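Notes to accompany the following structure.
Worth saying up front: this structure is predicted, and the values here are computed from it rather than measured. Below, all heavy atoms of this structure are taken into account, side chains as well, without hydrogens, waters or symmetry copies.
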Amino acid sequence: MVEAVAAEGLRKARTLDAFESLTDRCLDDSYRLAAVILRDQMEAQDVVHDAVLLGWRKFDSLRDPDRFDAWFGRIVLNLCRDRLRSRGRGRVREVELGAAMELGRHDEFRRVAERDATVAAFPTLDPDLQLVVALRFYRDLQLEAIAELLDIPLGTVKSRLHTGLKRLRAALERAGWQTENER
């Protein structure tokens with residue numbers, strides 16, 4: 001009986017060690033992705049913390065340890081999606097970039113201002129669109145990898161990416177920015 005208890009304790013310790021080593025290697029990437037999606041460092045930390053707790057509770061359901069990164073990434077993405085949905089649509093504010101940004105087409109700070117305008121327009125997207133756009137352009141994932149990670153059809157990924165980019169482009173145009181095609 002004592003040997004069985006000792007063996008069970010050793011198995012649990014090995015499982016905890018395995019979980020710790022697997023999560024350690026993907027925590028930084030998970031935090032950066034959550035921060036990009038949620039646009040809030042504290043919320044990103046909370047999401048990654050919650051993902052570690054949920055991952056530990058569900059660790060027994062992981063069938064293939066070689067797929068841990070994708071499995072844990074899906075947990076992080078689902079928690080980000082939940083946070084975005086719980087925020088609700090909220091009010092959308094127009095962001096004025098000010099007269100300083102209207103210095104001309106050759107302004108060396110134009111790219112920074114365009115990036116800031118894109119960051120300001122990003123929250124106007126639906127949470128599902130935000131996830132796909134962030135995974136494609138932040139994580140630089142191929143569409144097939146996004147479909148697998150989110151467990152949705154490839155056609156849905158393509159549609160969400162198209163819609164998300166179209167809406168971002170429209171928001172940028174409303175804010176007075178020309179898209180690449182219009183220059």
Side-chain angles (χ1 to χ4, degrees), residues 15-89 111-112 114-172 177 179-181:
T15 303
L16 180 59
D17 289 343
F19 181 77
E20 284 180 4
S21 69
L22 290 170
T23 53
D24 281 349
R25 72 177 190 214
C26 61
L27 284 179
D28 288 341
D29 283 342
S30 296
Y31 168 74
R32 283 192 292 274
L33 180 62
V36 165
I37 292 171
L38 298 172
R39 297 162 316 282
D40 183 307
Q41 291 178 351
M42 295 302 289
E43 256 192 302
Q45 288 175 357
D46 288 346
V47 161
V48 173
H49 177 265
D50 292 349
V52 170
L53 293 176
L54 183 59
W56 173 244
R57 283 197 303 262
K58 303 279 185 179
F59 191 55
D60 290 339
S61 71
L62 178 63
R63 291 182 220 133
D64 183 4
D66 293 336
R67 306 276 304 143
F68 180 83
D69 290 356
W71 178 79
F72 189 75
R74 187 171 293 133
I75 292 172
V76 170
L77 289 173
N78 287 336
L79 291 171
C80 285
R81 180 184 296 130
D82 292 345
R83 293 273 177 136
L84 290 171
R85 286 182 177 156
S86 69
R87 288 180 184 172
R89 296 289 297 169
R111 290 185 73 151
V112 173
E114 285 176 337
R115 186 199 67 217
D116 291 346
T118 303
V119 168
F122 193 71
T124 66
L125 298 178
D126 295 329
D128 291 332
L129 301 178
Q130 288 182 31
L131 290 176
V132 171
V133 171
L135 288 171
R136 177 65 188 105
F137 294 104
Y138 171 71
R139 276 274 174 97
D140 198 27
L141 293 179
Q142 297 299 315
L143 300 180
E144 294 82 8
I146 296 170
E148 183 181 336
L149 185 62
L150 296 177
D151 197 27
I152 58 176
L154 179 60
T156 303
V157 171
K158 290 178 180 180
S159 174
R160 288 180 184 175
L161 184 60
H162 174 78
T163 302
L165 293 176
K166 184 178 173 184
R167 290 184 184 170
L168 280 176
R169 195 173 295 115
L172 290 174
W177 291 99
T179 59
E180 291 288 324
N181 298 338

query: How many angstroms lie between atom CG of Leu131 and atom CG of Leu161, to the nearest 0.5 angstrom?
result: 12.5 Å
field: Student check: side-chain heavy atoms of Leu135 and Leu33 closer than 4.5 Å
entry: yes
- line: Scanning both residues in full, the closest heavy-atom pair of Gly164 with Leu125 reads O-CD2, 3.7 Å
task: Look up atom CG in Leu16 and atom CH2 in Trp56, then write down how far apart they are to the nearest 0.5 Å.
output: 4.5 Å
- prompt: Under 3.5 Å, is there a donor-acceptor pair between the side chain of Asp64 and the main chain of Asp66?
  reply: yes
From OG1 (Thr118) to CG (Leu168), nearest 0.5 Å: 6.5 Å
- request: Answer yes or no: is there a side-chain heavy-atom contact under 4.5 Å between Leu53 and His49?
  value: yes
field: Check: Val133 and Phe122 side chains under 4.5 Å, non-hydrogen atoms
entry: yes
Non-hydrogen side-chain atoms of Asp69 and Arg25 separated by less than 4.5 Å: yes
All pairs passing side-chain hydrogen bond (donor to acceptor under 3.5 Å, both in side chains) where residues 29-47 contributes a residue, at least two apart: Asp29-Arg32, Arg39-Gln130, Glu43-Arg87
query: With sequence neighbours left out, what residues match Phe59 under ring-ring contact (aromatic ring centres under 6.0 Å, His included)?
result: Phe19
message: For Gln142, is there any backbone N or O sitting under 3.5 Å from a side-chain donor or acceptor partner on Arg136?
response: no
- prompt: Which pairs with one or both residues in residues 148-157 pass side-chain hydrogen bond (donor to acceptor under 3.5 Å, both in side chains), sequence neighbours excluded?
  reply: Arg67-Glu148
- line: On a heavy-atom basis, the closest approach of Ala70 and Leu149 is O-CD1, 3.4 Å
field: Spatial distance of atom CG (Leu54) from atom CD1 (Ile75) [nearest 0.5 Å]
entry: 5.0 Å
query: Given the rule in the side chain to side chain contact (heavy atoms under 4.5 Å, CB included) test, do Arg160 and Ile152 qualify, once you have shown the distances and angles that lead to the verdict?
result: CA-CA 11 Å; Arg160 288 180 184 175; Ile152 58 176; 3.5 Å; yes
query: Where is the tightest heavy-atom contact between Val47 and Leu79, given as atom of each residue plus distance?
result: O-CD1, 3.6 Å
task: Apply side chain to side chain contact (heavy atoms under 4.5 Å, CB included) to the pair Asp128 and Leu150, showing each step before the final yes or no.
output: CA-CA 10 Å; Asp128 291 332; Leu150 296 177; over 6 Å; no
task: For Arg63, enumerate each residue passing the side chain to side chain contact (heavy atoms under 4.5 Å, CB included) test, keeping only those at least two apart in sequence or located in another chain.
output: none
field: Ile37 and Val76: CA distance, side-chain angles, deciding distance, side chain to side chain contact (heavy atoms under 4.5 Å, CB included) verdict
entry: CA-CA 11 Å; Ile37 292 171; Val76 170; over 6 Å; no
Pairing residues for Ser61 by the side chain to side chain contact (heavy atoms under 4.5 Å, CB included) criterion, not counting sequence neighbours: Lys58, Trp71
field: Under the side chain to side chain contact (heavy atoms under 4.5 Å, CB included) test, residues paired with Thr163 that sit two or more places apart
entry: Leu129, Ser159, Arg167
- prompt: Of the non-hydrogen atoms in Ala121 and Ala171, which two are nearest, and what is the gap between them?
  reply: CB-CB, 3.7 Å
